[in-house]
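Notes for the one structure printed next.
Positions are given from 1, in the same order as the sequence printed here.
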Amino acid sequence: MTLRIGNFSGFYGDRFDALREMLTGGEVDVLTGDYLAELTMLILARDRLKDPSSGYARTFLRQLEETLGTAQERGVRIVTNAGGLNPAGLADAVRALAGRLGLPMRVAHVEGDDLTARHPGSLAAHAYLGGFGIAECLRAGADVVVTGRVTDAALVTGPAAAHFGWKPTDHDRLAGAVVAGHVLECGAQATGGNYAFFAERDPRELRRPGFPLAEIHPDGSCVVTKHPGTGGFVDVGTVTAQLLYETGGARYAGPDVTTRLDTVRLTQDGPDRVRIEGVRGEAPPPTLKVGRNRLGGFRNEVVFVLTGLDIEAKAALVREQMSDALAASPPADVRWDLARTDRPDADTEETASALLRLVVRDPDQQKVGRVLSGAAIELALGGYPGFHVVAPPGKGSPYGVFEDVYVPQGDVGHVAVLDDGRRITVDPPQDTAVLDDVPPPAPPEPLPPGPTVRAPLGRVVGARSGDKGGNANVGVWARTDDAWRWLAHELTVERFRELIPEARELPVTRHALPNLRALNFVVEGILGEGVAAQARFDPQAKALGEWLRSRHADIPEVLL
């Protein structure tokens, strides 16, 4: 009764040949492809403006050209959210491809997520649907299921619910599948990719990590693994890191179930095998999240290179010389950032240089366009010594803003559209519960006093960070019980703010997950209006956790 679900895509642009690798590398029943992210929806929305028949991930079609016959031969079903803003269009394109290849494939799709018409001024507004529309398609015999905006984990909960006959009230089983789906959704991040302790492994092992799969059992428990002979590795650390990615507190809400992350238990079940069990689920919230993308305005950027001596004075001169241009028609938002990447007595020009970044934003393209870029370039012969810029500034480009709003589950028409055109309405869950925070668990006993060493946090803890709209999360975990005892007491909200100065004036919430020996910090507003607005150097907070790991603390000697 075990269901083997593998992943072949973690984002739009992931490794092209992963679908073939997963089909031919070992046993698998269902393959899932995750192509959508907040920024991807904006990109697809802009594509749709140019061509109403587009709006889906075209890469998926090209992947299928080489693999659809193999999938049919092996009886592997494919479930993907590559439909983006146009799942019906992609489903039609897959049928046409199957026809050209002479393959009798049944292709179904899920719709109802598109709420753009209800949100004037939005380029795209889409509800995050659950997995039961996918389940209806599979129960009706679909070989390929195409969706639009569903939750990433729905690509796994749907096939699991169809295979095991789960009902909407099977909260614990569904929650187990959500955890499996969350581990799989980002592909190689579960098999050693982007892993904090990568330096402990042989570089050849990480050269080309394989993609993950989950062996899901009828009770919702699973084992995360990968095909034999593929690169990378799967251990408790890689799975913990991915579990913390882009999450918040102990209650992880979704349209089908609220998953209690504080109940997850991980154990090593052999080489490249991690067992996930004990997951509890609760009724989902009565509302659905809607991701709304709109045009925020226009932005322009100039990066001045400051080399050698007097870096601060050179930066001050640039700001003074640019002040007239900025004052003549002031943009709505002006941001200067000086990155002191320079070193004294450097042996290369690049390491002797700092970067002064000017970013401007405004609803009016003229205010961030040629007037500004012209003023910057006019300094070429009358500015600081050694004047040059990383790239010539342009006329200003549009940027997007991501917002999330919530609507009642019953206000969204979740529909499974079968290969023969039949439409099956998916009812919203009858059992719902308003989301409340879980009371903080009791901390572990602190380590006894002893000598300490000033060292980077990353010597003893791992981290994984990411974005959700304008917020960022930083999950931090320990690999031993003693390290957890220290971490739980050391890394308070106040200490986090000290180590990450950008967070000092922002709301920061700490969530403790003792079963994972982990803390998860949510920093509100650090990413401004979301990744498309590019409010900071690292607009998706991908490296925020690694910055935290590089900060120094007084670490007990026994842990080093």
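Tyr384 and Phe387 have their aromatic ring centers within a separation under 6.0 angstrom. Two rings, from Phe8 and Phe211, have their centers 6.0 Å or more apart.
Annotation: cation-pi geometry satisfied between Arg479 and Phe197 (NZ/CZ under 6.0 angstrom from ring centroid, within 45° of ring axis). For the pair Arg201 and Phe233, the cation sits on the ring face: its NZ or CZ lies under 6.0 Å from the ring centre, inside 45° of the axis. Cation-pi contact between Arg361 and Tyr399: present, with separation from the ring centre below 6.0 Å and deviation from the ring axis of at most 45°. Stacking of Lys289 on the aromatic ring of Tyr406 is not recorded, the 6.0 Å distance cut-off and the 45° axial limit not both being met.
For the pair Asp364 and Phe298, the tightest heavy-atom approach, listed with the atom from each and the gap, is C-CD1, 4.3 Å. Here the closest non-hydrogen pair linking Ala45 and Ala124 is CB-CB, 3.9 Å. For Thr341 against Ser353, the heavy-atom pair with the smallest separation is OG1-O, 2.7 Å. Of all heavy-atom pairs spanning Val274 and Val236, the tightest one is CG2-N, 3.6 Å. For Tyr195 against Thr238, the heavy-atom pair with the smallest separation is CE1-N, 3.7 Å. A pairwise comparison of heavy atoms in Lys367 and Pro330 identifies CD-O, 3.8 Å as the closest pair.
No side-chain heavy atom of Trp486 sits less than 4.5 Å from a side-chain heavy atom of Val558. Side chains of Thr40 and Tyr35 form no contact here, defined as non-hydrogen atoms less than 4.5 Å apart.
Summarising the local packing, CD of Glu349 is surrounded by 12 or fewer heavy atoms from other residues, nucleotides or ligands at distances under 6.0 Å. No more than 12 heavy atoms of other residues, nucleotides or ligands shown are found within 6.0 angstrom of CZ on Arg343. Surrounding CZ of Arg459 are at most 12 heavy atoms belonging to other residues, nucleotides or ligands under 6.0 Å away. The environment of CD in Glu205 is crowded: more than 12 heavy-atom neighbours from other residues, nucleotides or ligands sit within 6.0 Å. Heavy-atom neighbours of Arg536 CZ from other residues, nucleotides or ligands within 6.0 Å: above the threshold of 12. Counting non-hydrogen atoms of other residues, nucleotides and ligands closer than 6.0 Å to CZ of Arg46 gives a total of 12 or fewer. Summarising the local packing, CD of Glu502 is surrounded by more than 12 heavy atoms from other residues, nucleotides or ligands at distances under 6.0 Å.
A salt bridge links Asp482 with Arg485: the closest approach of a Lys/Arg side-chain nitrogen to an acidic carboxylate oxygen falls below 4.0 angstrom. Of the charged side-chain nitrogens involved, none lies within less than 4.0 Å of a carboxylate oxygen, so that Asp437 and Arg251 do not count as a salt-bridged pair. Remark: Asp262 does not engage Arg265 in a salt bridge, criterion side-chain N to carboxylate O under 4.0 Å. A salt bridge is absent between Glu494 and Arg497; no separation between the charged side-chain nitrogens and carboxylate oxygens falls under 4.0 Å. With respect to Glu301 and Arg299, a salt bridge is recorded, a charged nitrogen being found less than 4.0 Å from a carboxylate O.
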Fill in: Test side-chain contact (heavy atoms from CB on, under 4.5 Å) applied to Glu378 and Gln321, step by step
CA-CA 10 Å; Glu378 287 171 5; Gln321 291 181 310; over 6 Å; no
Practice prompt. Apply the test salt bridge (charged side-chain N to carboxylate O under 4.0 Å, His left out) to residues Asp337 and Arg340: give CA-CA distance (whole Å), side-chain angles for both, the deciding distance (0.1 Å), then the verdict.
Written response: CA-CA 10 Å; Asp337 289 299; Arg340 293 300 304 264; over 6 Å; no
Worksheet item: Under the side-chain contact (heavy atoms from CB on, under 4.5 Å) criterion, do Leu457 and Leu499 qualify, and how do the steps go?
Response: CA-CA 10 Å; Leu457 278 172; Leu499 296 170; 3.7 Å; yes
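Sequence neighbours left out, the pairs with a member in residues 550-560 that pass salt bridge (charged side-chain N to carboxylate O under 4.0 Å, His left out) are Arg454-Asp554.
Checking Thr351 against Asp342 by side-chain atom types alone, no donor-acceptor pair falls below 3.5 Å. Side-chain contact of Gln189 with Asn194: a donor-acceptor pair under 3.5 Å is present, judged by distance alone.
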Check: residues 505-512 side-chain donor-acceptor pairs under 3.5 Å, at least two apart:
unit_1, atom_1, unit_2, atom_2, d
Arg510, NH1, Ala488, O, 3.0
Arg510, NH1, Leu491, O, 2.8
Arg510, NH2, Ala488, O, 3.2

